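Taking it in order: structure first as structure tokens, then the write-up.
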Amino acid sequence: MKVLVIGANGQVGKHLVAKIQDTSDIKAKAMIRKEEQVPYFEDLGAETVLTDLEKADIDEIAKAAEGTDAIVFTAGSGPKTGDDKTMLIDLDAAVKTIEAAKKAGVKRYIMVSSFDTTREEIQSVPSSFAPYVVAKHYADVWLRATDLDYTIVHPGGLTNDAATGKVQAAENVGRGEIPREDVASVLLATLQNDSTIGKEFQVVGGETTVDDAVKAL
Ligand code: NAP
């Protein structure tokens, strides 16, 4: 299986590509936006494709997705940019990649969403945070409306703590944090378990091994 990792140079993305390359049967194609980001992925033996998600149209992304079997979207504009970039990346780029998956015939699509993307959450978060939740909300809505084999992963607050390999995952779990490396393990386990198709789940640090938690969903 070949997986297009969108946002591969991100903190979750880098862990995910490394974990994919460690498997014997899955290979990663890292979608990144800068030439200087290439060597990290070459060292891992991963293919790369240079794409600026803001400028790229659906055709360009579909071309990058051709020949892959699955897409993981883990890009994000980050907290340091304005609401304009939130709309352009967290919403519009996410939707473009979903449409590109359809166009390229890549059925499997895994979305890294945020913890709570419900309408209630949009109404209750501070107004400065609302555009991000709005963007994630509508990207999820768009994906659910497709006939793609999707999974939507809703991680809790991301940390750079060392991986524990243990999580709590279910449709609804209490708020909590999770190391980015554990999110990457959850994404890999999601790719490896087709039982997650058509499901979405929240995930935070916990007591269950990643594999067991994902298989139990
Ligand atoms: P991150 O480190 O900020 O990585 C985001 C990636 O998106 C970066 O590699 C960045 O590229 C890429 N990107 C941004 N704009 C781009 C563009 N125009 N073209 C191409 N690539 C672009 O994010 P993370 O911490 O790994 O988080 C991964 C995901 O989890 C995000 O979707 C985030 O919204 C979501 N999430 C976050 C939290 C949290 O607590 N922070 C909680 C739940 C979910 P560069 O490397 O080139 O900058």
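Here the structure is a predicted model, which is why all the values come from computation and not from measurement. Just so you know, these numbers use all the heavy atoms, side chains as well, and skip hydrogens, waters and symmetry mates.
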* To do: State plainly whether one hydrophobic cluster holds both Met31 and Leu44, where clusters connect Ile, Leu, Val, Met, Phe, Trp and Tyr through side-chain heavy atoms under 4.5 angstrom apart.
  => no
* Taking all heavy atoms of Gln21 and all of Gly45, pick out the closest pair and write down the distance. => NE2-O, 3.1 Å
* Considering all heavy atoms of both residues, which atom of Ile122 and which atom of Val133 are nearest to each other, and what is their separation? -> CG1-CG1, 3.7 Å
* To do: Begin with the C-alpha distance, continue with both residues' side-chain angles, and end with the deciding distance and a verdict on salt bridge (charged side-chain N to carboxylate O under 4.0 Å, His left out) for Arg33 and Glu54.
  => CA-CA 10 Å; Arg33 59 173 158 172; Glu54 204 178 313; 5.8 Å; no
* Apply side-chain hydrogen bond (donor to acceptor under 3.5 Å, both in side chains) to the pair Asn193 and Thr196, showing each step before the final yes or no. => CA-CA 6 Å; Asn193 284 282; Thr196 57; over 6 Å; no
* To do: May I ask you to decide if His15's main-chain N or O and Glu181's side chain share a donor-acceptor pair within less than 3.5 Å?
  => no
* Structure fact -> Test side chain to side chain contact (heavy atoms under 4.5 Å, CB included), reference Asp90, set Asp92, Leu88, Thr86, output is Thr86
* To do: List the steps, then state whether side chain to side chain contact (heavy atoms under 4.5 Å, CB included) holds for Lys199 with Thr190.
  => CA-CA 10 Å; Lys199 294 184 181 163; Thr190 301; over 6 Å; no
* Hey, any chance Ile26 and Ile6 share a hydrophobic cluster, counting ILVMFWY side chains that come within less than 4.5 Å of each other, even indirectly? -> no
* Heavy-atom donor-acceptor pair, Thr68 side chain to Ala65 backbone, under 3.5 Å -> yes
* **Sidechain N-carboxylate O distance under 4.0 Å for Lys55, Glu60** => no
* To do: For residues Val3 and Arg108, determine if any side-chain heavy atom of one lies less than 4.5 Å from a side-chain heavy atom of the other.
  => no
* Asked: What do you reckon, is NZ of Lys166 surrounded by more than 12 foreign heavy atoms closer than 6.0 Å?
  -> no
* Can you check whether Phe201 reaches Val153 side chain to side chain, under 4.5 Å on heavy atoms? -> yes
* Asked: For atom NZ of Lys63, is the number of surrounding heavy atoms from other residues, nucleotides or ligands below 6.0 Å larger than 12?
  -> no
* Asked: Under a single-linkage definition using a 4.5 Å side-chain heavy-atom cutoff for Ile, Leu, Val, Met, Phe, Trp and Tyr, are Leu53 and Val12 assigned to the same hydrophobic cluster?
  -> no
* **Flag side-chain contact, heavy atom, 4.5 Å: Thr97 against Leu4** => no
* Where do Thr74 and Gly13 come nearest, in terms of heavy atoms and distance? -> CG2-CA, 3.9 Å
* To do: Quick one: do Val203 and Val173 satisfy side chain to side chain contact (heavy atoms under 4.5 Å, CB included)? Show the steps, please.
  => CA-CA 7 Å; Val203 60; Val173 301; over 6 Å; no
* Structure fact -> All heavy atoms of Ala213 vs all of Val167, minimum pair found to be CB-CG2, 3.6 Å
* Should Asp116 and Thr118 be marked as a side-chain hydrogen bond (donor to acceptor under 3.5 Å, both in side chains) after you check the CA-CA gap, both sets of side-chain angles, and the distance that decides it? -> CA-CA 6 Å; Asp116 185 343; Thr118 58; 2.6 Å; yes
* **Steps toward side chain to side chain contact (heavy atoms under 4.5 Å, CB included) verdict (Lys14, Phe41)** => CA-CA 8 Å; Lys14 279 183 159 174; Phe41 298 98; 4.3 Å; yes
* **Validation row: Lys215, Ser195 side chains within 4.5 angstrom (heavy atoms)** => no
* Asked: Is there a chain of hydrophobic side chains (I, L, V, M, F, W, Y, each step under 4.5 Å between heavy atoms) that links Val49 to Tyr40?
  -> no
* To do: Mind checking the OH-OG1 spacing from Tyr132 to Thr117? Nearest 0.5 Å is all I need.
  => 10.0 Å
* To do: Would you indicate whether the side-chain heavy atoms of Val204 and Phe115 approach each other to under 4.5 Å?
  => yes
* Asked: To the nearest 0.5 Å, how far apart are CD1 in Ile89 and CZ in Phe73?
  -> 7.0 Å
* How would you list, by chain and number, every residue that makes a side-chain hydrogen bond (donor to acceptor under 3.5 Å, both in side chains) with Gln168, sequence neighbours excluded? -> none
* Structure fact -> For Ile71 and Ala101, the nearest pair of non-hydrogen atoms, with its separation, is CD1-CB, 3.7 Å
* Asked: Do Ile110 and Tyr150 belong together in a cluster built from hydrophobic side chains that touch within less than 4.5 Å?
  -> no
* **Non-hydrogen side-chain atoms of Gln11 and Leu158 separated by less than 4.5 Å** => no
* Are the side chain of Asp182 and the backbone of Ala163 linked by a donor-acceptor contact shorter than 3.5 Å? -> no
* What's the verdict on side chain to side chain contact (heavy atoms under 4.5 Å, CB included) for Thr48 and Gln37, showing C-alpha distance, side-chain angles and the deciding distance? -> CA-CA 9 Å; Thr48 56; Gln37 295 167 348; over 6 Å; no
* Could you pull out the closest heavy-atom pair between Val210 and Ser185, with the gap in Å? => CG1-O, 3.6 Å
* To do: To the nearest 0.5 Å, tell me how far Ile20 CD1 sits from Asp25 CG.
  => 10.5 Å
* Asked: Got a salt bridge between Lys96 and Glu99, using NZ or NE/NH1/NH2 to carboxylate O under 4.0 Å?
  -> no
* So among Lys136, Glu171, Gln202, Glu200, which one has a side-chain hydrogen bond (donor to acceptor under 3.5 Å, both in side chains) with His154? -> Glu200
* **Test item: Met1 and Gln192 side chains (from C-beta on) under 4.5 Å apart, heavy atoms** => no
* Asked: Can you check whether Ile152 reaches Arg144 side chain to side chain, under 4.5 Å on heavy atoms?
  -> yes
